[in-house]
Each structure stands twice: as C-alpha cells, then as structure tokens.
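Notes follow the structure.
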Amino acid sequence: MLKVNDINVYYGNIHALKGVSLDINQGEIVTLIGANGAGKSTLLKTLSGLLKPKTGEIVFEGEHVAGKVPQLIVKRGISQVPEGRRVFANMSVEENLELGAFLRKDKKGIQEDFEKIYQLFPRLLERKKQLSGTLSGGEQQMLAMGRALMARPRLLLLDEPSMGLAPLLVKTIFQIIEEINKTGTTILLVEQNANMALSIADRAYVIETGKIVASGLAEELSASDQIRKAYLGGH
Ligand code: ATP
C-alpha cells in the first residue's frame, strides 16, 4: 500500500531522516518506535506532505506522493493525527469533526461517518456542542482521531496517541485503534510507549537518530533482548 524508499529529510543542515525505507501493507498495524528526537514525527510529517524529502520516493497505492501538498495527500487517502492533538480549541466537537471532512462532497457519506465516529467515541457524542479547548486530554485525543477519520482515510497516521494520558485511558485508546483497524483502515502508529504499540501491531520498525535500525514482526521484536533492553524497560 505504502512504500517509502530511501528518503532523506533535512531541517536546514540537520539531517533528520537518513535513507529511511519502509513498507506498509493494506490492513496492517505497523508501529514505528524510537527515542525522543529519533525522527518519528519527521517521518510522519513527510508522509503527510508537511515536509519534503530531499531525495527518495514515497509511493502510495502506486502513486508517487513525496513532496505533494498535504491537501492532495489527504485526498488520496492518508490522514494524520498530529502529536499533541491540536484540536481547534474555540470550536465545538462537532465543528472540529466537520473540518475533518472539508475536502469531501459526499454529504451522505459524511453523515454516515459522523455516526460511526460517535459510535466509536460515545464521549464525543455526549460533548458534541462543547468547546474543544475544554475537553480533557483523553477526549482531545479522541477528537483528533475522529477528525482524522472524517476524511475517511485508508491509511491513518497516529503520532504518540498515548502521550500524557493515564494508563487506563491509554488502554482505551489502543483498543479503539484496534477497532479502527478492524473496520479496514491501515495504521502507522508512532509511539514511545513501545510495549503497548508492539502489543497491537503486526510489524514494527525501530528508528534511531534518523535511521531504521531494526524491523520485523512485532512479536519477534518484543522477544528480542536488544529491543527489550533499549525500548521495553529491559524486562
Ligand atoms: P519525539 O518523540 O521527541 O517527538 P521524534 O522521534 O518524533 O521525537 P523528531 O521530532 O522527528 O523526533 O525530530 C528528529 C530530529 O529533527 C531531532 O533531532 C529534532 O531536534 C530535529 N528537528 C525536528 N523538528 C525540527 C525543526 N523544525 N527544525 C530543526 N530541527 C528539527
């Protein structure tokens, strides 16, 4: 579905992604794990068109999309839930969700998706008129996910959905990610919470200082001593 081939991304002269390659197959949950500053967000931003690789290719469903504008990438079927949620604080829950569908014209489909999202996140239905800035952190994460889903993506990019959430809520968010995947959305999940991410993922990539240093089945990586020591708290 998605093929990233040897991309190099720079911020000025900082070389943030160094020859990164990865593949995502339709229907998978793939996780990208790595320490602070390893380049995880940079990779997601490149996939969603916010950053342009200097060299290398990104092919989504057969189309070259590297360096294309975010709007086109959303239209093609890739949506990102940014790190730190970034909901529009002065708009209601409902208005934030509407914005997620701004590139779509299929009114009926949009209505169906509203219903699906309220089913997935009943909390958002209860609060649909509430200003988003007054939602709790977990609710804002749900809203950011719902907003991305309103674009009806085939590939959903999630940047640190567990950040700053209480453990119970982290569990809920991960269950919802699995549910979203079961309804046919392919997922690329960026996480510092490697234990949780590996527990729901099919495959994983490990990134260190801008380079992919390991990849494989999530189960295999969870069992690897090296990965356990470096990313899973060593036990
Ligand atoms: P975190 O988990 O802390 O969010 P990350 O793996 O997502 O980390 P990135 O945010 O992708 O890491 O950053 C990768 C590298 O690029 C870091 O060294 C960071 O300092 C640098 N970087 C990120 N954004 C910029 C920017 N706008 N200008 C310059 N350097 C940047």
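Atoms within a ligand are numbered from 1 in the order they appear, just like the ligands themselves.
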Note the single closest protein heavy atom to atom 29 (C) of ligand 1, along with its residue, its atom name and the distance in Å.
Y11 CB, 3.3 Å
A38 N/O to ligand 1 N/O under 3.5 Å
yes
Can you report which non-hydrogen protein atom sits closest to atom 3 (O) of ligand 1, along with the distance?
N36 OD1, 2.8 Å
Hey, does A16 come in under 3.5 Å of ligand 1, counting only N/O atoms on both sides?
no
Within 4.0 Å of some non-hydrogen atom of E160, the atoms of ligand 1 are 2 (O)
Answer yes or no for E83: is there a heavy-atom contact with ligand 1 below 4.0 Å?
yes
Once you restrict to heavy atoms under 4.0 Å, what part of Q192 touches ligand 1? Side chain, backbone, both or neither.
side chain
Knowing that exactly one of Q80, E160, E83 qualifies, which makes a side chain to side chain donor-acceptor pair (under 3.5 Å) with S41?
E83
Looking only at heavy atoms, what is the nearest atom pair of I200 and E178, with distance?
CG2-CD, 3.5 Å
Would you find a donor on one side and an acceptor on the other, under 3.5 Å apart, between the side chain of T172 and the backbone of L168?
yes
Do T186 and Q26 have side-chain atoms, one donor and one acceptor, less than 3.5 Å apart?
no
Pair E191-K40, salt bridge (charged side-chain N to carboxylate O under 4.0 Å, His left out): steps then yes or no
CA-CA 8 Å; E191 261 301 333; K40 304 180 299 296; over 6 Å; no
Looking at atom 24 (N) of ligand 1, tell me if a protein heavy atom falls under 4.0 Å from it.
yes
Would you mind reporting whether M145 and I173 have side-chain heavy atoms less than 4.5 Å apart?
yes
Has the side chain of K18 got a donor or acceptor atom that lies under 3.5 Å from a matching backbone atom of T209?
yes
Can you tell me which residue and heavy atom of the protein come closest to atom 10 (O) of ligand 1, and the distance to 0.1 Å?
S41 CB, 3.7 Å
Closest non-hydrogen protein atom to atom 9 (P) of ligand 1, residue and atom name please, with distance?
T42 OG1, 3.5 Å
Between G37 and ligand 1, is there a nitrogen or oxygen pair with a distance under 3.5 Å?
yes
Measure the shortest side-chain to side-chain distance between L221 and I33 over non-hydrogen atoms and say whether it is less than 4.5 angstrom.
no
Is the shortest distance from a heavy atom of G34 to ligand 1 less than 4.0 Å?
no
Quick one about T42 and Y11 (side-chain donor to acceptor, distance below 3.5 Å, no hydrogens or angles considered), yes or no?
yes
Sub-4.0 Å protein heavy atom near atom 19 (C) of ligand 1
no
Under 4.0 Å from any heavy atom of A35, which atoms of ligand 1 are there?
6 (O)
